[in-house]
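Everything numeric in this text was worked out from a predicted model, so none of it was measured. Labels below follow one simple rule: chain letters A, B, ... track the order of the sequence lines, proteins then strands, and each chain is numbered from 1.
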There are 2 protein chains.
Amino acid sequence: MAHAELARELPHEARPYHHGDLSRALIQAGRRILEKEGPAALSLRAVAREAGVSPAAPYHHFKDKGDLLAAVASEGWQELGEAIGKARGQAAEARHGLSEIGFAYVTFARANPNLYRLMYDTACDMADMPDQAKGESSGWGQVRASLLAMGMDPGDELELKLATIAAWCAAHGVAEMVGFKEFEPLKQALGGEDALVRAILDHLGIYARHARRERPA
Amino acid sequence: MAHAELARELPHEARPYHHGDLSRALIQAGRRILEKEGPAALSLRAVAREAGVSPAAPYHHFKDKGDLLAAVASEGWQELGEAIGKARGQAAEARHGLSEIGFAYVTFARANPNLYRLMYDTACDMADMPDQAKGESSGWGQVRASLLAMGMDPGDELELKLATIAAWCAAHGVAEMVGFKEFEPLKQALGGEDALVRAILDHLGIYARHARRERPA
DNA sequence: GGGGGAATGTGAACGGTGTCAAGATAATCT
DNA sequence: AGATTATCTTGACACCGTTCACATTCCCCC
């Protein structure tokens with residue numbers, strides 16, 4: 001971070017030639033631009049500019065523009081995993097875990113819409129889930145754990161996998177579609193976007209099967 | 001269409017100055033490039049080239065590159081609506097309709113992945129579902145009709161809307177995620193991607209609630 | 001501690017892109 | 001026929017991703 005400011009504020013000879021931690025700075029700059037100016041403004045040159053560095057500098061840290069974006073996305077996946085973990089921890093009873101996970105997932109996506117889209121786009125480009133989403137402590141692993149805590153048969157691996165995928169797909173769908181303007185009146189009728197999200201998730205069945213008893217319509 | 005061939009095959013003086021039906025030709029060219037060369041190759045200039053026309057010509061028919069892409073996407077939404085309609089018509093019993101709609105939705109998206117992504121991207125940019133997805137005979141309307149045919153209370157408008165959204169979200173999620181490599185073994189275990197799609201949809205509950213009785217696990 | 005890679009930065013350049021203004025050409029209306 | 005309008009071209013501009021040759025600095029080894 002020192003470099004960017006110095007580049008602007010210090011006389012030319014005083015600013016350091018080397019940045020110190022450029023890759024991190026580039027990732028942060030990329031994320032800032034993505035959030036504040038949208039994906040269309042997210043050019044490699046703009047990122048370099050923001051970091052106070054020449055347009056060619058990033059190529060010493062990332063092989064590609066796509067490589068940088070993948071790094072930004074990776075940060076996102078990690079945060080998503082943490083958000084899910086926190087939500088699951090806060091669920092009072094284990095059988096509400098999945099519902100809370102779904103809500104946390106959608107909440108994260110809605111709070112960082114551009115980042116979430118980037119995350120998903122790069123995942124699609126590789127036709128692959130990023131590693132951050134697959135590990136034990138990641139979102140994926142936590143959904144699985146939550147399903148087990150809800151009483152699913154640990155022996156039926158097939159059923160377990162299908163349920164995990166279904167839950168993940170549903171959350172993704174809700175995350176990407178709940179922002180549409182058409183649902184504005186519905187949001188107001190239910191008392192806000194959060195309520196709409198919960199209502200949709202409940203209707204999806206997978207999230208409601210066990211939670212319904214406590215939270216009747 | 002005449003123009004593109006003429007531009008290449010006829011002596012320069014013989015080719016017509018005006019195209020005839022350029023907007024249509026541009027949309028088709030855009031779609032062809034999108035399908036065969038991927039979204040990265042889908043530049044306005046490439047589309048113009050493919051249509052045998054100068055890079056500035058499209059601006060007489062579309063205000064923007066985005067405007068052209070929106071037109072391509074629009075065609076996609078229309079086809080999706082038709083595919084859904086056909087699937088619903090073929091469902092033997094009304095209570096299976098929703099399940100068939102979901103399957104047809106995912107099938108269309110998987111058959112035209114780049115187009116589907118474009119469709120959804122432009123929809124997201126406008127934070128809005130395209131008109132083609134909202135009309136009576138569109139996918140949206142048909143999901144609603146199908147839910148009614150499944151015995152949902154026509155008086156409970158709120159419930160109806162929530163169920164429609166839930167079904168749509170779920171289909172979207174499955175459509176975008178079922179292609180991931182991680183699910184390859186699962187596909188093989190179930191006998192192909194179609195089987196996996198049906199299995200996921202069933203697990204989502206919304207599609208299975210009425211169909212389950214006939215198609216037990 | 002000095003010297004020499006290796007790492008990291010710069011600048012200029014190339015081809016490609018979206019977009020626009022000015023002019024050429026064709027279709028259409030009066 | 002003449003004027004108006006719609007359509008297409010040419011040429012230009014700014015920006016983009018990427019690469020190459022070169023400059024600067026870090027750091028390890030003698």
Side-chain angles (χ1 to χ4, degrees), chain A residues 1-8 10-27 29-30 33-34 37-72 118 121-122 125, chain B residues 1-8 10-27 29-30 33-34 37-72 118 121-122 125:
Chain A
M1 53 174 69
H3 196 81
E5 287 81 4
L6 291 174
R8 276 188 233 103
L10 289 191
H12 184 275
E13 35 178 334
R15 83 183 191 157
Y17 189 89
H18 285 302
H19 183 285
D21 193 359
L22 186 53
S23 13
R24 188 160 225 77
L26 289 172
I27 293 177
I33 292 177
L34 183 61
E37 322 196 20
L42 187 53
S43 70
L44 196 64
R45 289 176 115 105
V47 171
R49 229 171 301 155
E50 172 104 2
V53 107
S54 89
Y59 286 89
H60 288 275
H61 300 266
F62 303 94
K63 99 178 196 309
D64 244 353
K65 179 187 183 182
D67 200 27
L68 206 190
L69 298 194
V72 175
L118 173 67
D121 278 357
T122 65
D125 287 348
Chain B
M1 54 175 70
H3 198 80
E5 288 82 4
L6 290 175
R8 275 189 234 103
L10 290 191
H12 183 276
E13 36 178 333
R15 83 183 191 158
Y17 190 89
H18 285 302
H19 183 285
D21 193 358
L22 186 54
S23 13
R24 188 160 225 77
L26 289 172
I27 293 177
I33 292 177
L34 183 62
E37 321 196 20
L42 187 53
S43 71
L44 228 184
R45 288 176 116 104
V47 172
R49 228 171 302 153
E50 171 106 2
V53 108
S54 91
Y59 286 88
H60 290 271
H61 299 266
F62 302 94
K63 102 177 195 310
D64 244 351
K65 178 187 183 182
D67 200 26
L68 205 190
L69 296 194
V72 175
L118 174 67
D121 278 356
T122 64
D125 287 348

Which residues share a side-chain contact (heavy atoms from CB on, under 4.5 Å) with B:Ala56, sequence neighbours left out: B:Ser54
Atom CG of A:Leu68 and atom C1' of D:dG17 are separated, to the nearest Å, by 12 Å
Sequence neighbours left out, what passes side-chain contact (heavy atoms from CB on, under 4.5 Å) with B:Tyr59? Give chain and number order. B:Leu44
Atom CG of B:Leu26 to atom P of D:dT7: distance rounded to whole Å? 12 Å
Please report the distance, rounded to the nearest Å, between NE2 in B:His60 and C1' in C:dA21. 11 Å
Nearest whole angstrom, please: distance from the P of D:dC16 to the CG of A:Leu69. 14 Å
Can you name the residues that form a side-chain contact (heavy atoms from CB on, under 4.5 Å) with B:Asp67, not counting sequence neighbours? B:Phe62, B:Lys63, B:Asp64
Nearest atoms (heavy-atom pairs only) where A:Leu42 meets A:Gly30: CD1-O, 3.5 Å
Nearest nucleotide by nearest heavy atom, which residue falls closer to the 5' end of DNA chain D, B:Pro55 or A:Ala56? B:Pro55
Quick one: is D:dC8 close enough that its OP1 or OP2 comes under 4.0 Å of any side-chain N or O from B:His61? yes
Separation of C:dG9 atom C1' from A:Leu22 atom CG, nearest Å, is 9 Å
Whole-Å distance, A:Asp67 CG to D:dT18 P, equals 10 Å
Please list, chain by chain and in numerical order, all residues satisfying side chain to side chain donor-acceptor pair (under 3.5 Å) with B:Asp125, sequence neighbours excluded. A:Arg117
My understanding is that only residues two or more places apart in sequence, or in another chain, count here; which of them pass side-chain contact (heavy atoms from CB on, under 4.5 Å) with B:Ala70? B:Met126
Do any N or O atoms of the protein come closer than 3.5 Å to N or O atoms of nucleotides 14-18 of chain C, and which pairs are they?
{"from": "C:dT17", "atom 1": "OP1", "to": "B:Ser43", "atom 2": "OG", "distance (Å)": "3.2"}
{"from": "C:dT17", "atom 1": "OP2", "to": "B:Arg49", "atom 2": "NH2", "distance (Å)": "2.9"}
{"from": "C:dG18", "atom 1": "OP1", "to": "B:Leu44", "atom 2": "N", "distance (Å)": "2.8"}
{"from": "C:dG18", "atom 1": "OP1", "to": "B:Lys65", "atom 2": "NZ", "distance (Å)": "3.2"}
{"from": "C:dG18", "atom 1": "OP2", "to": "B:Leu44", "atom 2": "N", "distance (Å)": "3.1"}
{"from": "C:dG18", "atom 1": "OP2", "to": "B:Arg45", "atom 2": "N", "distance (Å)": "3.1"}
{"from": "C:dG18", "atom 1": "N7", "to": "B:Arg45", "atom 2": "NH1", "distance (Å)": "2.3"}
{"from": "C:dG18", "atom 1": "O6", "to": "B:Arg45", "atom 2": "NH1", "distance (Å)": "3.0"}

